[in-house]
Every structure is written in C-alpha cells, then in structure tokens.
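Following: one structure in structure tokens, then a few remarks.
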Amino acid sequence: MNESQTWDAVDAYFTGHLSPDDEALQAALRDSEAAGLPPVSVTPTQGKLLHLLARVQGARTVLEIGTLGGYSTIWLARALPSDGRLISLEYSARHAEVATRNIARAGLDRIVEVRVGPALESLPQLADENPPPFDLVFVDADKANNAHYVEWALKLTSAGSLIVIDNVVRGGRVADGDSGEPDVRGSRAAIELIGAHPRLDGTAIQTVGAKGYDGFALARVLA
C-alpha cells in the first residue's frame with residue numbers, strides 16, 4: 001500500500017472499532033453527497049473526537065461555525081444533555097436546508113438551531129442576544145477568517161471554555177510564511193493569535209487519515 005492507502009486503512013480500522021457510523025450519521029453523509037455538498041465533512045474518528053471533547057468539557061452549550069450538512073453537528077449535539085443548546089452558523093441556505101433535515105432525522109432538532117448567513121454577520125447578532133457563555137466552540141468555516149472567528153469565540157465564552165479550529169495545517173502549507181493564499185494566511189493568523197493572546201492557552205496537532213494531511217488547533221480560554 002502507498003502512504004495514502006495506509007492512512008485510509010488505519011482510519012477504517014479505528015472507525016470500525018471506536019466510532020462506527022449509525023444510520024443517522026450515514027444518512028447525513030448520503031444526503032449531503034446527493035445534494036452536491038462538498039465532501040469535506042469531518043471523518044467519523046474526528047467526529048468522535050469532537051463528541052468526546054464536548055463530553056470531557058461537560059458542555060451544555062456549543063457554538064459551531066460552519067454547518068455544511070450537519071454531520072459534525074450531530075456528533076457534537078449528541079454529547080449535550082437533553083436541555084443543552086447548540087447553535088450552528090452556516091453561510092449557505094442550501095447547505096443549511098440539508099443540515100436541518102439531517103439534524104431532525106437524528107432527533108436533535110429540539111436542541112440544535114441552524115442560523116443562515118455570513119458568520120461575521122451572525123456572530124455580532126448572537127452576541128447582542130447576550131447568551132450564556134458557550135462551553136465549546138468548533139470553527140470549521142472559511143479558513144481566511146479563522147482569526148476573526150477566534151476573536152468572536154473569545155467574546156462568547158468564559159474561563160474554561162474550549163475552542164477547536166479544524167483544518168489548520170492545509171497540507172503543510174501553514175508553515176509557509178510567505179504564502180499569499182487566504183486559507184494559509186487565515187490559519188497562520190489564528191495560530192499566532194492563540195499563541196500571543198493572554199486569555200488563550202493552546203496547541204495544534206498534525207493529522208493524517210481519510211481526508212489526507214491536515215490538523216487542528218485546540219485552545220482553552222483562561223480567566
């Protein structure tokens with residue numbers, strides 16, 4: 001096997017034993033594909049990681065920036081108590097429609113709300129509502145604005161909250177300080193913000209798997 005095939009095989013092994021998809025999750029992926037959504041949902045093992053992080057946090061409230069077809073939303077929402085709340089922000093009305101159906105089929109529409117529109121417009125509107133601090137924020141939207149999303153996450157969380165940013169490695173391109181590509185510049189800005197901000201303590205991890213070579217950043221909000 002070549003390197004990519006090995007990554008796929010290992011992911012399949014871990015998924016089968018540790019994070020198997022059930023019908024609701026499989027249907028979410030099928031319907032997303034049928035609707036022509038880009039195939040960029042988190043993998044089952046990544047979804048299970050998000051689920052476990054929310055459980056370890058004891059999360060009652062989650063903010064997701066970037067819904068796509070709702071696959072990661074389902075993993076996160078299943079970690080919440082019955083009176084929990086998850087707000088997911090999605091730019092595309094078409095994506096949000098697919099996600100809303102997938103979330104309802106999973107029986108989670110009572111605790112999940114999908115809001116449509118550019119996140120940088122939805123976030124100040126959300127802040128104006130003065131919601132209780134979110135226990136976990138998952139950022140998986142347009143990478144160029146990652147630093148802006150982290151700044152808003154800080155405004156909407158409190159000490160002890162967790163911020164997770166997906167896809168920060170960009171196939172290794174994040175190490176290129178001369179890159180002019182918006183996704184690389186946005187990822188670098190987010191990493192550098194986490195490293196310099198007095199209220200954040202974080203790290204970043206490279207990953208390989210069914211979605212190739214990438215990684216995520218993880219930051220805890222301090223007092």
Testing Glu129, Glu90, Glu64, Glu121 for salt bridge (charged side-chain N to carboxylate O under 4.0 Å, His left out) with Arg115, which one passes?
-> Glu129
Report yes if some heavy atom in the side chain of [X] is under 4.5 Å from a heavy atom in the side chain of [Y]; otherwise report no.
{"X": "Val208", "Y": "Val10", "value": "no"}
{"X": "His197", "Y": "Glu151", "value": "no"}
{"X": "Pro131", "Y": "Leu126", "value": "yes"}
{"X": "Leu89", "Y": "Leu63", "value": "yes"}
{"X": "Arg110", "Y": "Ser82", "value": "yes"}

Could you check whether any side-chain N or O of [X] sits under 3.5 Å from a backbone N or O of [Y], counting only pairs where one atom can act as donor and the other as acceptor?
{"X": "Asp214", "Y": "Val169", "value": "yes"}
{"X": "Lys143", "Y": "Val168", "value": "no"}
{"X": "Arg170", "Y": "Asn167", "value": "yes"}

Grab the two heavy atoms, one from [X] and one from [Y], that are nearest each other, plus how far apart they are.
{"X": "Ala204", "Y": "Ile191", "answer": "CB-CD1, 4.1 Å"}
{"X": "Ala54", "Y": "Ala79", "answer": "CB-CB, 3.6 Å"}
{"X": "Asn146", "Y": "Ala190", "answer": "CB-CB, 3.7 Å"}
{"X": "Ile111", "Y": "Ala77", "answer": "CD1-O, 3.6 Å"}
{"X": "Ala28", "Y": "Ile74", "answer": "CB-CD1, 4.1 Å"}
{"X": "Lys48", "Y": "Trp75", "answer": "CD-CZ3, 3.7 Å"}

Using 4.0 Å as the upper bound for N to carboxylate O, is an ion pair formed by Glu97 and Arg101?
-> yes
Any ion pair linking Arg173 and Asp183 (charged N to carboxylate O, less than 4.0 Å)?
-> yes
Sequence-distant partners of [X], side chain to side chain contact (heavy atoms under 4.5 Å, CB included), two or more places apart:
{"X": "Asp11", "value": "Thr43, Thr45, Ala210"}
{"X": "Glu33", "value": "none"}
{"X": "Arg188", "value": "Val174, Val184, Glu192"}

Is it the case that Thr61 and Asp135 place a side-chain donor and acceptor less than 3.5 Å from each other?
-> yes
Do [X] and [Y] share a hydrophobic cluster, counting only Ile, Leu, Val, Met, Phe, Trp and Tyr and linking them when any side-chain heavy atoms are less than 4.5 Å apart?
{"X": "Leu86", "Y": "Val164", "value": "yes"}
{"X": "Ile87", "Y": "Val114", "value": "no"}
{"X": "Val62", "Y": "Ile163", "value": "no"}
{"X": "Val56", "Y": "Leu162", "value": "no"}
{"X": "Leu50", "Y": "Tyr71", "value": "yes"}

Salt bridge (charged side-chain N to carboxylate O under 4.0 Å, His left out) pairs, two or more places apart, involving residues 21-32 | Asp22-Arg78, Glu23-Arg30, Asp31-Arg105
Measure the [atom1]-[atom2] distance between [X] and [Y] for me, rounded to the nearest 0.5 Å.
{"X": "Thr67", "Y": "Ile103", "atom1": "OG1", "atom2": "CD1", "result": "6.5 Å"}
{"X": "Glu3", "Y": "Asp8", "atom1": "CD", "atom2": "CG", "result": "11.0 Å"}
{"X": "Leu76", "Y": "Ser72", "atom1": "CG", "atom2": "OG", "result": "6.0 Å"}
{"X": "Tyr213", "Y": "Gln206", "atom1": "OH", "atom2": "CD", "result": "3.5 Å"}
{"X": "Thr73", "Y": "Asn102", "atom1": "OG1", "atom2": "CG", "result": "9.0 Å"}
{"X": "Leu18", "Y": "Leu49", "atom1": "CG", "atom2": "CG", "result": "12.0 Å"}

Steps toward side-chain contact (heavy atoms from CB on, under 4.5 Å) verdict (Asp109, Thr100) | CA-CA 8 Å; Asp109 48 319; Thr100 299; over 6 Å; no
Under the side-chain contact (heavy atoms from CB on, under 4.5 Å) rule, what do Ile194 and Ile165 come out as? Steps first, then yes or no, please.
-> CA-CA 11 Å; Ile194 291 170; Ile165 312 167; 3.7 Å; yes
The side chain to side chain contact (heavy atoms under 4.5 Å, CB included) partner of Ser161 among Leu222, Val221, Leu156, Leu154 is Val221
Could you give me the CA-CA distance, side-chain angles and deciding distance for Val137 and Val150, then say whether side-chain contact (heavy atoms from CB on, under 4.5 Å) is met?
-> CA-CA 9 Å; Val137 179; Val150 173; over 6 Å; no
Distance flag, aromatic centroids of His95 and Tyr91, threshold under 6.0 Å | no
Using ring pair (Phe, Tyr, Trp, His ring centres under 6.0 Å) as the criterion, list what pairs up with Phe14, not counting sequence neighbours.
-> none
Name all pairs fulfilling the ring pair (Phe, Tyr, Trp, His ring centres under 6.0 Å) condition that reach into residues 134-156, sequence neighbours left out, sorted by first residue then second.
-> none
Give a yes or no on this: more than 12 heavy atoms of other residues, nucleotides or ligands lie within 6.0 Å of atom CZ of Arg199.
-> yes
May I have the step-by-step check of side-chain contact (heavy atoms from CB on, under 4.5 Å) for Leu53 and Leu218, ending in yes or no?
-> CA-CA 10 Å; Leu53 287 173; Leu218 187 70; 4.3 Å; yes
